[in-house]
Amino acid sequence: MVLKISLIVLISGIHDLVVSGNFTNSRSRARVRSGFEDFKEMLLWSDVFVDKSLFIRDVLEELAKVVVVVRPRNWGKTTNMAMLRRFFETEISSDGAPIAEEARINYRLFQGGAVDLGVDGRHVFKTLKITNHSKAMKHMGKYPVISVSFKPIKGYGYARILNVLKVTLMQLFRTHGYLHYSLHGEEKARFERYLVADLTEHDVRSGISFLITLLHKRWNKNVVLLIDDYDTPIISSYWELMEKEKELKGVIRLFRDIFAFSVNSPFVHKCVVTGLVLFEQANPFKRANVSVAQYSLHSEKFTEHFGFTEPEVDELLARCPTSMPAAEIKHYYNGFAWGKHNLFNPHSIMKCLVHDGQLDQYWLDSASSLTIDVRVSKGPMVEDLHHLQNKGLIVDRIYEEINFMEIFGGFRDMWYSLLVMAGYLDFAEDVDETGEYCHLVWIPNQEIKDKFVPKVFKWWLMNDGDCMISINM
């Protein structure tokens, strides 16, 4: 059966997943495109993609109720979260009625099938890897899903954060506006307050939990909760409110309450959270009364699902030849040694293919929702930078959890830990000259060397003593 659909495509964000697809229309040349955040749009409008659907299987097999995965910006987090939403959600119409199976687009995204795009031709979706795992496939289309991003919420002050949260909740509740028709009394009145952002602080703290309860009541099923960029409000608050300790602590308590209300709900089937870093002092899951599994760059699990593995890059370069030799592209963007895999930044690889193999600093130049400034001492860092460009720099430890107050205090190892987690450096376990356990850190590829290193030297030349280094997170 060919499903006919009408689409108005709004292209925005970062396209992070990109292997071969089938497209039948008047074009003969494979289209390689970037700029998609929505999983469906990515599969429809780019002829190549890298199949990361086994991430779904690994999420389901994780015993913890809450799964937190942190990776640098533009490493596939948002696209993977969009894929999870498409896989788990029960497809419904605008009035909340379940859509007949033969009309569900999500099934074709994973199981394969054809769709008629009208004047744009006919698209045939490939069958994805997850379909070979029958146990996981039993979960497809079975849950109400809440998907929310905290990326727009910046720490310019407690009141500002509270107001942006109100707008975020308003948009989230409007996504599930059909629930309004089945509510009565106080529940209906409260739901209507969310639709217009007329909310108290308690409403903000308990909003996601309230929506979870309503969805469970409507569908008699537990909810899959997806939270992207969970840490943006907290990271930005450290920089904006570093001299306002009381206000900063208030922001941290606010998000601890939001997460506690949400993940402690008995009606959550699974919660997946993505972000940039794990926190030492400001961990928002501190009040969670359920199992929480946190996976950083130190962890082996989930590593191959974010970024492109070397075999995936080899396949991409073979299927999408450019004017630049494949070996030179691989050398320029090289790999990050995370877990057992050699991984490439997906944003840089895809942008390079889009531009016919032109080598450029695509990741470094990509838009960032968060920039932080760190004051560093000029003398020691000049020597460190020399080692980072060559055989590597030995540090006592690369920390899995970031303590931003220690970065402000000039703690060298924590500063390098942040650069590792932000994707500017790679790291590995090592032993120093005294036989003590340590970490070796280095600049992983030519893309970062060509721009980040000259940028740092420029900052130093402009300052006699300490200088401020700006990092896009």
Side-chain angles (χ1 to χ4, degrees), residues 55 58-59 62-78 80-81 149-151 153 155 225-239 248-249 251-260 262-263 270-303 305-307 336 338-339 343 368-370 372 374 395-409 411 413-429 439 441 471-473:
F55 178 51
D58 290 352
V59 165
E62 170 59 56
L63 297 179
K65 186 175 181 179
V66 180
V67 181
V68 184
V69 182
V70 294
R71 291 295 183 274
R73 64 187 170 93
N74 296 347
W75 272 84
K77 300 186 297 294
T78 297
N80 273 356
M81 294 290 264
S149 172
F150 285 172
K151 182 183 289 186
I153 306 170
L225 175 60
L226 307 174
I227 302 176
D228 197 17
D229 294 296
Y230 87 100
D231 52 350
T232 296
I234 299 175
I235 295 175
S236 61
S237 292
Y238 268 109
W239 260 257
L248 175 61
K249 288 182 177 179
V251 171
I252 295 171
R253 282 195 300 270
L254 173 64
F255 283 93
R256 280 180 177 164
D257 286 347
I258 290 172
F259 282 104
S262 303
V263 303
K270 181 74 75 172
C271 175
V272 182
V273 180
T274 61
L276 295 168
V277 301
L278 301 176
F279 295 99
E280 182 182 67
Q281 288 183 317
N283 186 346
F285 303 103
K286 192 172 184 178
R287 296 177 186 168
N289 295 324
V290 297
S291 54
V292 178
Q294 300 185 113
Y295 295 97
S296 71
L297 302 181
H298 288 255
S299 311
E300 170 62 29
K301 191 168 184 178
F302 299 124
T303 301
H305 302 313
F306 296 86
F336 290 75
W338 296 341
L343 294 167
S368 171
S369 63
L370 184 62
I372 60 175
V374 179
V395 298
D396 291 336
R397 181 180 174 185
I398 292 298
Y399 290 84
E400 187 172 19
E401 297 178 335
I402 301 300
N403 184 322
F404 284 95
M405 300 310 293
E406 290 187 349
I407 294 175
F408 299 149
F411 184 29
D413 286 6
M414 193 62 72
W415 159 240
Y416 284 117
S417 298
L418 178 63
L419 288 179
V420 167
M421 298 306 163
Y424 291 89
L425 300 177
D426 202 356
F427 76 110
E429 293 182 1
H439 277 110
V441 294
I471 301 295
N472 289 330
M473 297 289 290

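Reckoned from all heavy atoms, side chains included, excluding hydrogens, waters and symmetry mates.
- The nearest pair of heavy atoms linking K65 to K270 is O-CD, 3.3 Å.
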Donor-acceptor pairs under 3.5 Å, side chain of residues 272-288 to any protein atom, not counting sequence neighbours: which ones?
{"from": "T274", "atom 1": "OG1", "to": "D228", "atom 2": "OD1", "distance (Å)": "2.4"}
{"from": "E280", "atom 1": "OE1", "to": "N403", "atom 2": "ND2", "distance (Å)": "2.6"}
{"from": "N283", "atom 1": "OD1", "to": "F285", "atom 2": "N", "distance (Å)": "2.9"}
{"from": "R287", "atom 1": "NH1", "to": "D257", "atom 2": "OD1", "distance (Å)": "2.2"}

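- Residue V68 comes nearest to Y230 through the heavy atom pair CG1-CE2, 4.3 Å, listed as atom of the first residue, atom of the second, then distance.
- Looking at F259 and V292, their side chains never come closer than 4.5 Å, going by heavy atoms from C-beta outward.
- A donor-acceptor contact closer than 3.5 angstrom links the side chains of D58 and H305.
- Looking at heavy atoms from C-beta onward, I153 lies out of side-chain contact with D229 at the 4.5 angstrom threshold.
- With respect to I402, the side chain to side chain contact (heavy atoms under 4.5 Å, CB included) criterion is satisfied by exactly one of I407, V70, I235, V420: I407.
- Ring geometry for W75 against F336 counts as perpendicular: the plane angle is over 60°, on a 0 to 90° scale with 30° as the lower cut.
- Using a 30° and 60° split on the angle between ring planes, H298 and F427 fall in the tilted class, from 30° to 60°.
- Counting only heavy atoms from C-beta outward, the side chains of F302 and V59 approach each other to under 4.5 Å.
- E400 CD to L297 CG: the interatomic distance, rounded to the nearest 0.5 Å, is 9.0 Å.
- Looking at L418 and Y399, their side chains never come closer than 4.5 Å, going by heavy atoms from C-beta outward.
- The shortest non-hydrogen separation linking Y424 to R73 is OH-NH2, 3.9 Å.
- The CG atom of L425 sits 9.0 Å away from atom CH2 of W415, with the distance rounded to the nearest 0.5 Å.
- A heavy-atom distance below 4.5 Å is not found between the side chains of H439 and S417.
- Every salt bridge (Lys or Arg N to Asp or Glu O under 4.0 Å) that E62 has, sequence neighbours left out, goes to K301.
- The minimum heavy-atom distance linking W239 with F404 is given by the pair CZ3-CD2, 2.9 Å.
- Distance CG/L226 to OG1/T78: 11.5 Å, rounded to 0.5 Å.
- Exactly one residue among V290, V263, V67 makes a side chain to side chain contact (heavy atoms under 4.5 Å, CB included) with C271. That residue is V263.
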Do L225 and S262 pass the side chain to side chain contact (heavy atoms under 4.5 Å, CB included) test, and can you show the C-alpha distance, the side-chain angles, and the key distance before you say yes or no?
CA-CA 9 Å; L225 175 60; S262 303; 4.0 Å; yes
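- In this structure, Q294 and E401 have side chains that are in contact, with non-hydrogen atoms separated by less than 4.5 Å.
- In this structure D396 satisfies the side-chain contact (heavy atoms from CB on, under 4.5 Å) test together with D413, sequence neighbours excluded.
- At least one side-chain heavy atom of W338 sits less than 4.5 Å from a side-chain heavy atom of R71.
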